[in-house]
Amino acid sequence: MTSRNPLAQLNAQLDSLTTEAFRPELAGIDLLPTLDIARLMNAEDSAVPAAVAAQLPRIGAVIDAVAARMARGGRLVYAGAGTAGRLGVLDSSECPPTFDTAPGQVVGLIAGGPAAMVTSVEGAEDSRELAEADLAALSLTQDDTVVGVSASGRTPYAIGAVAYARARGALTVGLACNAGSELAAAAEHGIEVVVGPELLTGSTRLKAGTAQKLVLNMISTITMIRLGKTYGNLMVDVRASNEKLRARSRRIVALATGADDKDVEAALAAGDGEVKNAILVLLAGVDGPTAARLLEESGGHLRAALASADG
């Protein structure tokens with residue numbers, strides 16, 4: 001007979017999760033020399049890329065679906081609790097300076113709100129209703145994508161986010177680190193990166209967290225490549241908001257065009273400081289306003305704008 005005791009049910013769930021498994025061979029790890037522990041941890045981490053590689057076809061399908069929706073004005077939203085939520089917030093917060101995404105174009109939601117980035121908000125991860133409220137505030141559309149992130153694949157906040165978004169026609173993705181997870185089953189696209197038991201039992205900020213970060217990096221970065229935010233492997237939509245990024249902007253224009261410093265500075269001035277415009281000014285021999293028009297007509301894709309200028 002199945003126990004109806006909630007604590008017993010939770011314990012049974014955790015016992016069934018690969019990410020929570022106890023490894024008796026590591027029971028004496030605290031007795032080892034520091035360097036040996038570091039070697040063990042490094043060996044554990046080296047298995048993560050292979051686990052991600054096994055999911056690449058699923059990840060690629062997700063990226064194509066996300067990019068198609070974002071090209072129509074949709075948003076990319078990550079939703080998770082604890083480490084998973086923090087990783088989503090991290091990835092989303094790095095998109096504006098890296099790719100000049102508009103405010104709200106890539107969003108990270110963490111159970112418990114901003115305070116949960118630095119401290120535990122008790123009970124937040126167990127609330128599907130909290131996820132629904134957080135997403136309701138965004139007024140989701142069918143062009144939006146919601147990625148629920150949870151190492152266990154059973155976190156109610158992540159599952160609730162995916163279920164709410166799917167019911168409203170948004171694209172949904174469930175990213176977990178256990179096979180056969182409830183999160184992946186709830187989403188249109190399931191990505192399950194099975195990295196195995198952790199060095200410290202149940203500490204999913206380790207291999208599981210690393211795997212999640214790799215996948216989120218792929219989703220956001222390759223989506224932005226598909227949206228024309230890069231030219232080759234150059235970040236041509238970088239937002240020059242500080243001196244380091246202004247220097248990077250000048251370097252990107254030089255790498256893309258082979259121009260000297262004087263011509264790079266003149267092109268950036270003609271293009272109102274925009275890297276794409278400056279590259280187009282130099283490679284196509286057009287003035288600043290023409291560069292801006294060509295880019296607008298090409299939807300921001302620099303290669304297409306160059307082709308139009310040559311044509």
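No hydrogens, no waters, no symmetry mates; every other heavy atom, side chains included, goes into these values.
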Does the side chain of [X] reach to within under 4.5 Å of the side chain of [Y], using non-hydrogen atoms?
| X | Y | value |
| --- | --- | --- |
| Val89 | Tyr78 | no |
| Leu206 | Met41 | yes |
| His189 | Arg58 | no |
| Ile225 | Thr223 | no |
| Leu199 | Leu40 | yes |
| Thr145 | Val77 | no |
| Val146 | Val173 | no |
| Thr210 | Arg205 | no |

Shortest non-hydrogen separation from [X] to [Y] and the atoms involved:
| X | Y | answer |
| --- | --- | --- |
| Ala305 | Leu280 | CB-CD2, 3.9 Å |
| Ala256 | Ile279 | CB-CD1, 3.6 Å |
| Val162 | Ala186 | CG1-O, 3.5 Å |
| Leu294 | Ser308 | CD2-CB, 4.1 Å |
| Arg303 | Gly232 | NH2-N, 3.6 Å |
| Val195 | Ala211 | CG1-CB, 3.8 Å |

What side-chain donor-acceptor pairs closer than 3.5 Å can you find for residues 126-138, not counting sequence neighbours?
from   : atom 1 : to     : atom 2 : distance (Å)
Ser127 : OG     : Glu129 : N      : 3.4
Ser127 : OG     : Leu130 : N      : 2.9
Asp134 : OD2    : Tyr157 : OH     : 2.6

Is [X] reaching over with its side chain to a backbone N or O of [Y], donor-acceptor style, under 3.5 angstrom?
| X | Y | answer |
| --- | --- | --- |
| Glu198 | Glu20 | no |
| Asp64 | Ala61 | no |
| Lys276 | Val236 | no |
| Gln55 | Glu192 | yes |
| Thr172 | Glu188 | yes |
| Ser92 | Gly88 | yes |
| Thr98 | Cys95 | no |

Quick check on [X]: does its [atom1] atom have over 12 non-hydrogen neighbours (other residues, nucleotides or ligands) under 6.0 Å away?
| X | atom1 | result |
| --- | --- | --- |
| Asp260 | CG | yes |
| Lys229 | NZ | yes |
| Glu297 | CD | yes |
| Arg246 | CZ | yes |

Partner of Val147 under side-chain contact (heavy atoms from CB on, under 4.5 Å), chosen from Val62, Leu76, Val66, Val215: Leu76

Find the distance between [atom1] ([X]) and [atom2] ([Y]) and round it off to the nearest 0.5 Å.
| X | Y | atom1 | atom2 | result |
| --- | --- | --- | --- | --- |
| Leu90 | Gln212 | CG | CD | 12.0 Å |
| Leu200 | Arg23 | CG | CZ | 10.0 Å |
| Thr201 | Leu26 | OG1 | CG | 8.0 Å |
| Asn42 | Ile37 | CG | CD1 | 13.5 Å |
| Asp237 | Tyr231 | CG | OH | 14.0 Å |
| Leu227 | Met70 | CG | CE | 6.0 Å |

Yes or no on side-chain contact (heavy atoms from CB on, under 4.5 Å) for Val193 and Leu175, after CA distance, side-chain angles and deciding distance? CA-CA 8 Å; Val193 184; Leu175 172 58; 4.2 Å; yes

Same hydrophobic cluster for [X] and [Y], using side-chain heavy-atom links shorter than 4.5 Å among ILVMFWY?
| X | Y | answer |
| --- | --- | --- |
| Leu295 | Val238 | yes |
| Leu234 | Phe99 | no |
| Ile252 | Val281 | no |
| Leu283 | Met235 | yes |
| Leu171 | Leu109 | no |

Decide, yes or no, whether a salt bridge links Lys207 with Glu44 under the criterion of side-chain N to carboxylate O below 4.0 Å. yes

Carboxylate-amine/guanidinium proximity below 4.0 Å for Glu296 and Arg293: no

Establish, from distance only, whether the side-chain atoms of Asn277 and Asp272 form a donor-acceptor pair under 3.5 Å. no

Is it true that the side chains of Asn178 and Ser181 contain a donor and an acceptor less than 3.5 Å apart? no

Identified side chain to side chain donor-acceptor pair (under 3.5 Å) partner of Ser150 from the options Thr155, Thr19, Thr83: Thr155

Apply side-chain contact (heavy atoms from CB on, under 4.5 Å) to Asp91 and Asn217, showing your working. CA-CA 7 Å; Asp91 197 73; Asn217 282 170; 3.0 Å; yes

Is it possible for you to check whether Arg166 lies under 6.0 Å from the centre of the six-membered ring of Tyr164, through NZ or CZ, and within 45° of that ring's axis? no

Where do Asp143 and Arg69 land on the salt bridge (charged side-chain N to carboxylate O under 4.0 Å, His left out) test, with the steps shown first? CA-CA 5 Å; Asp143 286 332; Arg69 284 160 177 78; 5.7 Å; no

